[in-house]
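These values consider heavy atoms only, across backbone and side chains, with no hydrogens, waters or symmetry-generated copies. Both counts, for ligands and for their atoms, begin at 1 and track the order of listing.
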Amino acid sequence: MNFVVCIKQVPGTTEIKIDPVTNTLVREGVESIINPFDTYALEEGVRLKERCGGKVIALSMGPPQAEAALREAISLGADEAVLLSDRAFAGSDTWATSYALSRAIARLGDCDLIICGRQTLDGDTGQVGPELAEMLQIPFVAYVSNVEEIRDGYIRVQRMVEEGYELFEMPLPAVITVVKEINVPRLPSLRGSMKARTAKITVWGGDDIGADAGKSGVSGSPTRVVRIFFPKRVCKSEVFKGPVEEQVEQLAERLEQVI
Ligand SMILES: Cc1cc2nc3c(=O)[nH]c(=O)nc-3n(C[C@H](O)[C@H](O)[C@H](O)COP(=O)(O)OP(=O)(O)OC[C@H]3O[C@@H](n4cnc5c(N)ncnc54)[C@H](O)[C@@H]3O)c2cc1C
């Protein structure tokens, strides 16, 4: 079976800084890591490969430095890695990102299961998994916390919902997004680290995946970031004085004013 794990390189901090002029992430001086949820996706892909045989392909779209994330994926058990990197992809919103990833998956061919993290640390939308499934026209389940059974053309997964768990059966190929409860990611092995150092990372641009220029990058992105800002928190306090009954009346008046 062939497993494709989608991996995004993100800034290794929860304190995301935005450039107020360009409305894009400030990446300078911030260490880059594999998006934490994607380490669970990768671990699950590797475990499923160990269970059923086959291979794991790590797939990422990003700038050339995202190669480091893919090398790390190889050290953690991925067999192959593909980086989608092209100026034509710059400025992609989630829709254009999913389009490029779906084209790459189509080119890879013969994928049984596509595994994504539930969301990223930076973009944080959780949209790429479901969009990918829609573009590939295959079934999708989000928040998967256990792959109960997988065999040729069939998968049964458990997914977390607020009140408990739900079980889904789907035909393969399919897309799942996973939560951190699904496994405990392994550490890189010595053999894996050595393999990662010399592994060939395949780099594809728009032409390699037959991407339509009108569906890629800024021109293929229906979303526009108009403004990014932190909500202003205004803390005003007021002290009511006098007998309690008067204070209650004053409070009621104030509440009426604000409602
Ligand atoms: C108008 C607009 C312009 C943007 N311009 C830029 C830009 O110039 N540069 C930039 O870096 N970002 C840009 N972004 C952000 C970019 O669109 C998102 O980072 C990207 O689409 C993924 O969305 P997300 O981070 O919310 O992923 P989510 O949907 O939260 O991710 C879910 C899962 O999908 C997979 N996934 C997500 N992204 C990737 C990826 N790139 N490769 C492989 N797997 C992935 C992972 O498994 C991840 O766990 C822009 C966004 C908008 C709206």
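- In the hydrophobic clustering of ILVMFWY residues, with side-chain heavy atoms under 4.5 Å counting as a link, L76 and L48 come out together.
- Those atoms of ligand 1 with a heavy atom of N35 less than 4.0 angstrom away are 49 (O).
- In this model, a donor atom of one side chain and an acceptor atom of the other lie less than 3.5 Å apart for T94 and E131.
- Residue R224 qualifies as enclosed at atom CZ: its count of foreign heavy atoms under 6.0 Å is above 12.
- Under the side chain to side chain donor-acceptor pair (under 3.5 Å) test applied with Q119, the options N35, T125, T177, D124 reduce to a single match, D124.
- Counting heavy atoms under 4.0 Å from ligand 1, residue L59 touches it through the backbone alone.
- Listed by number with element, the atoms of ligand 1 under 4.0 Å from a non-hydrogen atom of T223 are 1 (C), 53 (C).
- Across the listed options L42, T120, V10, T120 owns the non-hydrogen atom lying nearest to atom 31 (O) of ligand 1.
- The ligand atoms of ligand 1 that sit less than 4.0 angstrom from a heavy atom of M61 are 40 (C), 41 (N), 42 (N), 43 (C).
- Residues F168 and F3 fall within the same hydrophobic cluster, defined by Ile, Leu, Val, Met, Phe, Trp and Tyr side chains chained together at heavy-atom separations under 4.5 Å.
- Closest heavy-atom contact between L83 and P63: CD2-O, 4.1 Å.
- By heavy-atom distance, the residue among G117, S221, A41 lying nearest atom 32 (C) of ligand 1 is G117.
- For S145 and Q158, the side-chain atoms include at least one donor-acceptor pair closer than 3.5 Å.
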Subject >> Working for salt bridge (charged side-chain N to carboxylate O under 4.0 Å, His left out), residues K8 and D122 >> reply: CA-CA 10 Å; K8 186 181 178 194; D122 55 355; 2.9 Å; yes
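- Any N or O atom pair closer than 3.5 Å counts here, and R118 shares no such pair with ligand 1.
- Among V128, D38, V4, the residue whose heavy atom lies closest to atom 48 (C) of ligand 1 is D38.
- Considering backbone and side-chain atoms alike, V225 places every N or O at 3.5 Å or more from each N or O of ligand 1.
- The nearest non-hydrogen atom to atom 20 (C) of ligand 1, considering only T97, V175, V5, I115, comes from T97.
- Between atom 51 (C) of ligand 1 and the options P36, G123, S92, the minimum heavy-atom separation is to S92.
- The T94 neighbourhood of ligand 1 comprises atoms 17 (O), 21 (O), 23 (O), with distances under 4.0 Å to a heavy atom of that residue.
- Each of the following atoms of ligand 1 lies closer than 4.0 Å to a heavy atom of I7: 42 (N), 43 (C), 44 (N).
- A pairwise comparison of heavy atoms in Q250 and K241 identifies NE2-O, 3.3 Å as the closest pair.
- Closest heavy-atom approach to atom 7 (C) of ligand 1 within the set S98, G217, G91, G129: this belongs to G91.
- Of all atoms in ligand 1, listed by their number and element, those nearer than 4.0 Å to a heavy atom of G126 are 28 (P), 29 (O), 30 (O).
- Contact check on E148 versus R159 returns no salt bridge, with no Lys/Arg side-chain nitrogen under 4.0 Å from an Asp/Glu carboxylate oxygen.
- For OH of Y143, the number of neighbouring non-hydrogen atoms (other residues, nucleotides, ligands) closer than 6.0 Å is 12 at most.
- No part of L132 comes within 4.0 Å of ligand 1, judged by heavy-atom distances.
- Atoms of ligand 1 found under 4.0 Å from any heavy atom of Q127 (numbered from 1 in listed order, with element): 29 (O).
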